[in-house]
Each structure stands twice: as structure tokens, then as C-alpha cells.
Amino acid sequence: MNPENARMPKELIRENVQPIKTTMTMKNVIITSFILALVLSSCADKNQAPTAPPPPVLPVLAITSANTTTDAEYPAAIQGTVDVEIRPQVSGNLERVYVDEGSYVSKGQTLFKINERPFREQLNNALASLHAAEAALINANLEVDKLTPLVQNKVVSDYQLKTAKASQKIAAANIEQAKAMVGSAKINLGYTNVTAPVSGYIGRLPKKQGSLVSATDVEALTTLSDVHEVFAYFSLGETDFINFKAQYAGSSLGDKIKKLPPVTLILADNNAYPQTGKIDMVDGQFDKTTGAITIRATFPNANGTLRSGNTGRIRLGLNHDDAILVPQAATVEMQDKVFVFTVGKDNKVTKMPITVVGKSGTNYLIKEGVKTGDQIVLSGIDKLQDGQAIQPEKSTKVAEVTNQK
């Protein structure tokens, strides 16, 4: 074979292979560039900052002042208009008990009967002494009547007549003494029948039939409470009492009491007693131990719902003029402090502490922290942070919330 002809296929092969290699290289470059572009695009997306969410839309309340009333509650002890201990006035065996514990009795009704026989004998003895004294007076009168004409005729001396008249006076005095003894015996006999001094409810009966009772006993026979009206006693501290007096016009405390509004009694079950009461007494001085003064309110109790010994709370209303009110729902409590979120001109909120001095309905009465014209966030404050921006939305219930009492 010709050597030149032998080289021909190799050259042809070399010439055909070169274009193939060039084509493969270009494809690799294109693919690599595409992949690189995707990687760069992905990195660019990751480095791009996320879009900030819009500020929350929250209702905002403009604070205004209004006249309102706050309620203050004070512990109260309830007593009947008459709470009396029934005690024996004489000593003896308790013969009968006519009432039961808790029963209602009328004035003058017999409650207990003490054995009367010893006292009836005392009365009989006193009556006998009275009769003897009356007979002695008759004899003394006869003696005077006999001696008077004899002295006038000078048959006997004047001394005898004077002695007879002295005996006459002694006899008359003995009658008076005997009458007093009869009266005392009748009183003691009457004390054996123990009656109710007022109408009311009977308390416990520690002494039973057959017990020996005495006027010197430490424990009473029972207690009797007249509760057609009841007294509720409560106390005010010095500061509260000064504020209380300043609420109402009048030159004296008596004049102020006449102008006081009715008060409400909150019972132990947190329900209000259906009838209101009237304050009618203020103690004359402060208690040195507690630094408080006692006030009495009277409540009608025709149905006997209240009894002596009940407890409750007196709800006393105090008027406030031009008071700043904040809804309780617009506040947050933290570490015994109350806060609201005020809204500034740049719509950023500020966590502001407030001083609460009372409650009026669902509103707080504010002394310090906010003023009239300030704007506060009305709701949605549980997730707010100090300095956060919001989009204010004026509340349509501003007047309703502000004027609520």
C-alpha cells in the first residue's frame, strides 16, 4: 500500500474530529453560564430584604372629661334597731320556756316562767305586815282621840297627848313602809313572768327548763332583736371622711346628712339588697385605735330578710366633676401598675403609667398619667410594644365609652 494513501484516513479523521470537539466545548460553556446565572439569581433573591408588614389598624380613643360617680365599698356590720339581752331579775328555777330559738315574738308576750311560789309567799308576808301597821295606826288614832279632851279640860298633862301623837305618826310611817314592801313583793312576783320588751326574733336559748337562774348570771336567758329596720355600721378613714363631707352642701354635719343620697347594701353573696338605705348618724369622734369614724345607715326590713349579726358592704357613691375616664379594656396591668398606650403625632405608641383613684362602671377614674385631649389605643393592646407604629382608627363608640357611668 502506498504510504500516502495510508495517511489519508488519519488526516480525514483528524479534520472531522476537530469540529466535534469545538461544538462540545461551546455547549459546555452555555450550560455552565446558565447554571451560574441561576445560582447568582438565587443568591440575589436570598440577599434581598423582606418587605415590612403594614402597621396594624387599631381603634383610638380621644380622652375627654365628664361628670361621673365612683362607688366605694366599706365593710358593714348589721344590727337590729333593738338588740336586747333577756335576763332574769330574780333567782329561781326556770319552770317553763314558752318560745323556741329563732321564733318571732310580739311585745309583751311571755317568754319564760320562773317558779313564783317563794315570791308569792313574800307578797303574803308583806300584806300581813301592812295589815298590822294599819291596825297599829287605828290604836294610835284612838289614843289621840281619848287624850285630846282630857288635855283640854286639864285632866291629864299635855305631855301624854304629845306622846300619843308621836306614836300616831310612827304607825302611819309603818303603813307606808309596809305598802312599799308589798309593792316590792309584787314586782318580784311579776319578774317571775319574763316577757318580751319589744317585738322581734329570739336568739339562742342556753338555759333550759329546770335550770337554776339568777340575776347575777353571766349568760343571758336569750337575746331579742327587733329587725323591722336594721342598722348597718361602717367606718370611714380620715381622708375618706373629709372627701365625703366635701361632696355635699350644708353648714353643719347634720345639714349634710339630710342631703346625702341613698346608699346600697351589698350582701355576703355579692348581691345588692333590694331596698336602699339612708345615712342618719355619724359618730361624734374618731376611734383612736383605728383612726376611723363610725357611720350608721338604716335599711327597712319588713320581710325579715336581714338579721342581727349579718355582714355586708356599704356601697357609697361619690360625685366627681370634670373627671378623666379611661375604659378598663384600654388598660394593661403589670407589676401592680396600670398602663395605657398613648398615640403620638407620628402614630407611634408610648406605654404610659396611669394613677387610678376609682371606678365608674367599666371605666377607671384617672388622677395622673393622661390628660384631656390625649389619644389612647382602645383595644388590641395585648401585642403592642412601646414605640411601635400603628394606623389609628377613630372609635365610633367614643361618646358612649366616655360618658358611661
Side-chain angles (χ1 to χ4, degrees), residues 45-75 236-237 239-240 242-244 246-247 261 263-264 266 270-272 313-405:
D45 291 340
K46 291 181 180 179
N47 292 332
Q48 184 178 359
T51 304
V57 179
L58 296 176
V60 172
L61 171 67
I63 295 178
T64 59
S65 60
N67 296 333
T68 187
T69 301
T70 58
D71 293 329
E73 294 185 355
Y74 302 92
L236 293 181
T239 301
D240 288 344
I242 292 173
N243 295 334
F244 173 74
Q247 293 287 319
V263 295
T264 302
I266 307 300
N270 291 324
N271 291 323
R313 302 187 305 276
I314 291 294
R315 180 176 291 170
L316 193 63
L318 299 177
N319 297 322
H320 301 272
D321 297 330
D322 296 328
I324 297 177
L325 300 178
V326 169
Q328 296 182 42
T331 63
V332 59
E333 295 187 16
M334 185 179 298
Q335 296 180 351
D336 297 333
K337 293 183 179 180
V338 181
F339 298 87
V340 295
F341 284 93
T342 59
V343 182
K345 296 180 179 179
D346 55 356
N347 292 337
K348 290 185 177 181
V349 298
T350 302
K351 193 174 183 180
M352 182 67 66
I354 57 175
T355 302
V356 178
V357 294
K359 290 175 61 178
S360 177
T362 58
N363 298 328
Y364 282 138
L365 182 66
I366 306 304
K367 180 180 180 181
E368 296 177 350
V370 291
K371 61 183 182 300
T372 302
D374 289 346
Q375 290 188 336
I376 63 172
V377 180
L378 185 58
S379 63
I381 61 177
D382 52 338
K383 296 182 180 180
L384 277 182
Q385 296 181 358
D386 194 12
Q388 181 179 347
I390 67 168
Q391 184 177 344
E393 179 185 30
K394 290 186 177 180
S395 174
T396 58
K397 298 183 179 180
V398 172
E400 178 183 349
V401 175
T402 303
N403 296 325
Q404 185 179 6
K405 294 185 180 180

*Pick one: which of Ile63, Asp374, Val338, Asn363 meets side chain to side chain contact (heavy atoms under 4.5 Å, CB included) with Val326?*
Ile63

*Applying side-chain contact (heavy atoms from CB on, under 4.5 Å), run through Ile390 and Val60 and close with a yes or a no.*
CA-CA 10 Å; Ile390 67 168; Val60 172; 4.2 Å; yes

*Can you tell me how far the CZ atom of Phe341 sits from the CE atom of Met352, to the nearest 0.5 Å?*
11.0 Å

*asked:* Tell me the closest heavy-atom pair linking Asn347 and Val343, and the distance in Å.
replied: CA-CG1, 4.0 Å

*Would you check, one step at a time, whether the test side-chain contact (heavy atoms from CB on, under 4.5 Å) holds for Asn270 with Arg313?*
CA-CA 9 Å; Asn270 291 324; Arg313 302 187 305 276; 3.3 Å; yes

_Shortest non-hydrogen separation from Leu58 to Gly380 and the atoms involved_ = CD1-O, 4.1 Å

*Roughly how far, to the nearest 0.5 Å, is the OH atom of Tyr364 from the CD1 atom of Ile354?*
8.0 Å

*Note, Ile366 side chain near Thr355 side chain (heavy atom, < 4.5 Å)*: no

*Report the distance from atom CG of Asp386 to atom CZ of Phe339, rounding to the nearest 0.5 Å.*
10.0 Å

*What's the shortest heavy-atom distance between Glu73 and Ile266, and which atoms?*
OE2-CG1, 4.0 Å

*Closest non-hydrogen atom pair between Ile376 and Thr342, with its separation*: CG2-CG2, 4.1 Å

_Pro55 to Ala389 - nearest heavy-atom pair and separation_ = CB-O, 3.5 Å

*Please round to the nearest 0.5 Å and tell me the distance separating atom NZ of Lys337 and atom NZ of Lys351.*
10.5 Å

*Is the shortest heavy-atom distance from the side chain of Leu365 to the side chain of Leu325 under 4.5 Å?*
yes

*Are any of the side-chain heavy atoms of Val332 and Asp382 separated by less than 4.5 Å?*
no

_Ignoring hydrogens, what is the shortest heavy-atom contact between Pro327 and Leu61? Give both atom names and the distance._
CD-CD2, 3.6 Å

